[in-house]
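Written out below as structure tokens is the structure these notes cover.
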Amino acid sequence: MSPQPRFSAQSGIAIGPILFVIALLALLAAVMAAGFGDFGVASVTDRISADMQSQASLIRAKINECEIKYGTNNNYDGYPPSDTSVGTAVSALNCEGDPAGSQNLWNGLRPAVYPQPTGGMNQWYYINTNGSGMGGTATGGRCIWTTPSVSNASSNAGVVAGLSKAASKFTHGTTYASSSEVVYDPASSSQKFVLWITLPTGTPDSHCLP
């Protein structure tokens with residue numbers, strides 16, 4: 001019977017280097033995950049900033065277009081009317097000087113593509129504190145606004161950074177000021193983004209404040 005082979009004490013699997021490689025891979029994975037997280041926040045920031053700027057500007061232009069066309073008579077408000085208690089969805093606004101059946105701001109006489117809310121944001125709303133649009137003045141102002149649809153929006157770094165970046169492209173403040181186009185407070189729990197169409201001549205309407 002041939003003798004069983006004997007292995008040297010120095011032979012076998014080198015477990016130490018393998019554990020070191022595993023630890024190194026785990027560290028690399030953690031670093032990459034953190035990097036991808038930062039990249040994700042930056043992507044949300046850039047998307048919200050760009051979309052909010054373009055959407056707010058387009059909506060304001062369409063509302064002003066109606067006023068330019070029909071607001072020349074001092075006894076007539078050419079801006080779209082709205083519900084004065086809760087506001088009106090921008091998608092449902094009418095330019096009431098246009099012919100019946102063709103008054104909707106987006107698919108009426110002068111059609112345009114309505115800007116659907118970007119991911120993480122709710123629909124845009126509008127208020128004309130003149131209400132009916134006929135006669136009188138909008139003492140509380142006219143504005144459009146939107147809020148985030150995500151939970152704990154004030155803790156969402158991408159949303160806050162995106163809205164802050166969008167606000168910086170307009171004259172802005174965290175509270176009402178006669179020099180501000182946008183009212184946005186990055187510290188508020190609602191993260192409400194407001195763009196003035198016309199400034200108030202009296203007390204600002206609460207819907208137009210953060």
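The structure presented is a predicted model; accordingly, all values stated were derived computationally and were not measured.
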### Task
Given side chain to side chain contact (heavy atoms under 4.5 Å, CB included), test Ile197 with Glu67 step by step and report yes or no.
CA-CA 11 Å; Ile197 305 300; Glu67 161 63 12; over 6 Å; no
### Task
To the nearest 0.5 angstrom, please state how far the CG atom of Leu58 sits from the NZ atom of Lys62.
7.5 Å
### Message
So that I know where these two stand, are Tyr126 and Trp145 an aromatic pair - ring centroids less than 6.0 Å apart?
### Response
no
### Message
Just so I know, are the side chains of Pro204 and Leu209 near enough to count as touching, which here means a heavy-atom distance under 4.5 Å?
### Response
yes
### disulfide bond (SG atoms under 2.5 Å apart): pairs with one or both residues in residues 101-130, sequence neighbours excluded
none
### Query
Which pair of heavy atoms, one from Trp196 and one from Gly140, lies closest together, and at what distance?
CZ3-O, 3.8 Å
### Query
Just one of Lys192, Gln55, Met52 clears the side chain to side chain contact (heavy atoms under 4.5 Å, CB included) bar with Thr146, so which one?
Met52
#### Entry: Minimum heavy-atom distance between Leu195 and Ala56, given as atom pair plus value
CD2-O, 3.5 Å
### Query
Quick one: does Arg142's side chain have a donor or acceptor within less than 3.5 Å of a partner on Pro81's backbone?
no
### Donor-acceptor side-chain pairing of Thr147 and Asn122 below 3.5 angstrom
yes
### Message
Can a side-chain donor-acceptor contact be found between Gln53 and Ser49 if the only test is distance below 3.5 angstrom?
### Response
yes
### Summary
Distance col, row Ser164:OG vs His172:NE2, nearest 0.5 angstrom, shows 8.0 Å
### Task
Taking salt bridge (charged side-chain N to carboxylate O under 4.0 Å, His left out) as the test, write out the residues that go with Lys165, two or more places apart.
Asp46
With a cut-off of 3.5 Å and sequence neighbours excluded, list every side-chain donor-acceptor pair involving residues 154-162.
residue, atom, partner, partner atom, Å
Asn156, OD1, Gly158, N, 3.1
Asn156, OD1, Val159, N, 3.1

### Summary
d(Thr198 OG1, Asn64 CG) to nearest 0.5 Å is 9.0 Å
### Task
State the CD1-OH distance between Ile63 and Tyr79, to the nearest 0.5 angstrom.
9.5 Å
### Query
Is a side-chain donor-acceptor pair under 3.5 Å present for Glu65 with Tyr70?
no
### Task
List the steps, then state whether side chain to side chain contact (heavy atoms under 4.5 Å, CB included) holds for Tyr114 with Gln123.
CA-CA 11 Å; Tyr114 172 69; Gln123 294 280 343; 2.8 Å; yes
### Query
Residues two or more places apart in sequence or in another chain: which of them pass side chain to side chain contact (heavy atoms under 4.5 Å, CB included) with Asp205?
Ile127, Thr129, His207, Cys208
### Query
Can Val182 be reached from Leu199 by stepping across I, L, V, M, F, W or Y side chains whose heavy atoms are under 4.5 Å apart?
no
### Message
Checking Thr174 now: which residues fulfil side chain to side chain contact (heavy atoms under 4.5 Å, CB included) with it, not counting sequence neighbours?
### Response
Asp185, Pro186
Would you be so kind as to tabulate the donor-acceptor pairs closer than 3.5 Å made by side chains of residues 104-112, with sequence neighbours excluded?
residue, atom, partner, partner atom, Å
Asn104, OD1, Trp106, N, 2.8
Asn104, OD1, Asn107, N, 3.1
Asn104, ND2, Ser91, O, 3.3
Trp106, NE1, Val90, O, 3.0
Arg110, NH1, Asp98, OD1, 3.2
Arg110, NH2, Asp98, OD1, 3.4
Arg110, NH2, Asp98, OD2, 2.9

### hydrophobic_cluster_shared for Phe170 and Ile59, side chain cutoff 4.5 Å
yes
### Query
Pro210 and Ser190: which non-hydrogen atoms are nearest, and at how many Å?
C-OG, 4.3 Å
#### Entry: Aromatic plane relationship, Phe193 with Tyr184 - under 30° parallel, 30 to 60° tilted, over 60° perpendicular
tilted
### Query
Got a donor-acceptor contact below 3.5 angstrom from the Ser54 side chain to the Asp51 backbone?
yes
### OH/Tyr125: more than 12 non-hydrogen atoms of other groups inside 6.0 Å
no
### Message
Let me confirm one number: the OG1-CD1 distance from Thr118 to Ile48, rounded to the nearest 0.5 Å.
### Response
6.0 Å
### Task
Please check if the side chain of Thr171 supplies one atom and the backbone of Ser179 the other of a donor-acceptor pair under 3.5 Å.
yes
### Task
Output the distance between atom CG (Asn128) and atom CG (Asp83), rounded to the nearest 0.5 Å.
11.5 Å
### Query
Donor-acceptor pair, Ser188 side chain versus Gln191 backbone, under 3.5 Å?
yes
